Amino acid sequence: MKIMIAGAYGQLGRCLQDVLAGFEHEVIAVGRNELDIASAGEVFQFVECHKPKVIINAAAYTAVDKAEVEPDLAFAINAGGVANLVSAANAVGAFFIHISTDYVFDGSSKRPYVENDLVNPLGVYGKSKLAGEDEAERAHRYVIVRTAWVFSEYGGNFLKTMVKLGRERDRLSIVNDQIGTPTYAGDLASALVKLAVCQPDNGMYHYSGGEPCSWFDFARAIFDACSDIADGYLVPEITPIPTFEFPTPAKRPAYSVLDGTRLEVNLGVQSGDWRAAVRGVCVKVLEGAVRA
């Protein structure tokens with residue numbers, strides 16, 4: 001089967017390529033340098049030429065804070081780019097898989113979010129991703145997968161930032177009142193490949209890393225893994241702080257845990273295990289086995 005990955009060189013895109021390397025599918029991997037998804041003409045020409053059976057959209061504008069001052073660019077990629085991919089997918093009869101985010105919710109829930117809960121994004125990034133969901137639903141055949149707090153050995157993410165800062169600083173202050181679920185991009189990639197193969201009926205699903213935690217809890221797990229792996233790794237002193245002591249341009253949802261029950265019950269795809277993944281990712285990062 002011919003599978004196209006848009007956004008192939010981001011952390012999810014690279015994990016998708018790693019997972020698909022174990023299969024016999026033909027993979028068409030394109031990044032922003034090869035294909036500008038915000039250009040309708042480029043997208044249609046590329047998809048018409050290659051005629052993939054599945055298009056996985058791992059491309060996104062993900063700079064949450066920067067989006068507040070670049071709303072046009074965020075929407076051009078996260079909504080307009082999706083619209084272009086959907087039109088091209090429909091033209092060639094491709095199954096479309098779109099990745100969305102927990103940031104479509106406002107964080108006011110007291111329980112894990114299910115797929116049909118009320119959406120109410122707090123910032124430009126979340127609004128642009130919600131607009132992208134609306135565009136994805138125009139595909140003739142599609143699934144939308146919302147995920148959260150993605151980390152991996154690739155690109156820039158919270159885990160890699162913590163490992164770097166842990167080497168540079170003796171003390172760190174980490175937010176402790178935002179609760180979510182870290183998700184290993186490799187686990188997410190495996191789930192997406194399963195969806196590409198089974199091509200279920202149109203719908204929305206949640207996929208994340210299992211156990212909820214705060215950013216402080218996540219950081220502590222990362223540093224515990226680093227100290228266990230690397231001799232002489234000096235774990236910094238970490239202090240839990242409330243969100244208001246670490247102001248950012250964009251508001252974050254205080255609680256954005258995603259309930260993955262629907263995906264597990266309907267399609268047999270279980271949630272990931274971020275704690276199990278952290279050690280393996282830390283090994284690769286500490287050894288310098290991967291680069292940004």
Side-chain angles (χ1 to χ4, degrees), residues 1-7 12-13 15-16 19-20 25 37 47 52-60 78-106 109 111-121 125-150 180-181 183-210 253 256-272:
M1 182 166 60
K2 188 181 291 187
I3 300 175
M4 172 182 162
I5 305 170
L12 176 57
C15 285
L16 278 164
V19 171
L20 285 166
H25 303 298
I37 66 168
V47 173
K53 296 297 183 183
V54 177
I55 298 175
I56 303 177
N57 181 29
N78 291 344
V82 181
N84 294 335
L85 288 167
V86 164
S87 294
N90 288 344
V92 300
F95 183 70
F96 187 67
I97 300 177
H98 179 62
I99 318 304
S100 192
T101 175
D102 57 326
Y103 276 50
V104 299
F105 298 113
D106 62 15
S109 179
R111 55 155 178 80
Y113 283 98
V114 296
E115 287 80 358
N116 61 353
D117 277 332
L118 181 67
V119 290
N120 184 33
Y125 168 69
K127 291 174 182 177
S128 69
K129 291 296 288 182
L130 180 59
E133 291 184 3
D134 293 339
E135 296 295 345
E137 289 178 343
R138 300 178 187 274
H140 297 162
R141 298 190 301 127
Y142 74 89
V143 291
I144 300 168
V145 179
R146 292 181 181 137
T147 191
W149 295 23
V150 177
T181 310
T183 307
Y184 175 46
D187 291 338
L188 174 59
S190 294
L192 296 176
V193 170
K194 290 178 182 177
L195 294 176
V197 172
C198 72
Q199 299 187 14
D201 292 340
N202 295 353
M204 174 83 71
Y205 295 96
H206 287 174
Y207 183 91
S208 61
S256 60
V257 178
L258 300 177
D259 187 327
T261 302
R262 184 168 185 254
L263 189 58
E264 181 174 352
V265 170
N266 290 11
L267 301 174
V269 179
Q270 296 185 338
S271 297

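Just so we're clear, the structure is a prediction, and the values are computed from it rather than from any experiment. FYI, side chains are in, hydrogens and waters are out, and symmetry mates aren't considered; it's all heavy atoms of this structure.
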Walk me through whether V82 and H98 qualify under side-chain contact (heavy atoms from CB on, under 4.5 Å). CA-CA 8 Å; V82 181; H98 179 62; 3.3 Å; yes
Decide side-chain contact (heavy atoms from CB on, under 4.5 Å) for Y113 and R146; before the verdict, give the C-alpha distance in whole Å, the side-chain angles of both, and the deciding distance to 0.1 Å. CA-CA 11 Å; Y113 283 98; R146 292 181 181 137; over 6 Å; no
Can you check side-chain contact (heavy atoms from CB on, under 4.5 Å) on I99 and L192, steps first, answer last? CA-CA 9 Å; I99 318 304; L192 296 176; 3.5 Å; yes
In sequence, state the C-alpha distance, the side-chain angles, and the governing distance for V114 and R262, and then conclude on side-chain contact (heavy atoms from CB on, under 4.5 Å). CA-CA 8 Å; V114 296; R262 184 168 185 254; over 6 Å; no
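Between L195 and V54, the closest side-chain pair of non-hydrogen atoms is not below 4.5 Å. A heavy-atom distance below 4.5 Å is not found between the side chains of E135 and L85. Within the 4.5 Å cutoff, no side-chain heavy atoms of I55 are placed close to those of F95. Put simply, the side chain of Y205 reaches to within 4.5 Å of the side chain of L267, judged on heavy atoms. Proximity of V47 to P52: side-chain heavy atoms (C-beta onward) are separated by under 4.5 Å at one or more points. Between L20 and I5 the shortest side-chain heavy-atom distance falls below 4.5 Å. At least one side-chain heavy atom of D117 sits under 4.5 Å from a side-chain heavy atom of R111.
Aromatic ring pairs are classed by plane angle as parallel below 30°, tilted from 30° to 60° and perpendicular above 60°; the pair Y125 and Y103 is perpendicular.
Across every non-hydrogen atom of A6 and I37, the tightest pair is CB-CG2, 4.4 Å. Closest of all the heavy-atom pairs between P200 and V143 is CG-CG1, 3.6 Å.
Checking V193, V145, V19 one by one against L188, the side-chain contact (heavy atoms from CB on, under 4.5 Å) holds for a single residue, V145.
Within the model, atoms OG of S208 and CG of D259 stand 8.5 Å from one another, a figure rounded to the nearest 0.5 Å. With rounding to the nearest 0.5 Å, the separation of CZ in F96 from CZ in R138 is 12.5 Å. The distance from the OG1 atom of T147 to the CG atom of D187 is 9.5 Å, given to the nearest 0.5 Å.
At least one donor-acceptor pair closer than 3.5 Å links the side chain of E115 to the backbone N or O of H206. The backbone N or O of G93 lies less than 3.5 Å from a partner atom in the side chain of R141, making a donor-acceptor pair. Not one N or O on the side chain of D102 forms a donor-acceptor pair closer than 3.5 Å with the backbone of V257. Judged by distance alone, with hydrogens and angles left aside, the side-chain atoms of N78 form no donor-acceptor pair with the main-chain N or O of A60 at under 3.5 Å. A donor-acceptor pair under 3.5 Å is formed between the side chain of T183 and the backbone N or O of G209.
Within a 6.0 Å radius of CD in Q199, more than 12 heavy atoms belonging to other residues, nucleotides or ligands are found.
Applying the side chain to side chain donor-acceptor pair (under 3.5 Å) test to every pair with at least one member in residues 80-96, sequence neighbours left out, gives no pairs at all.
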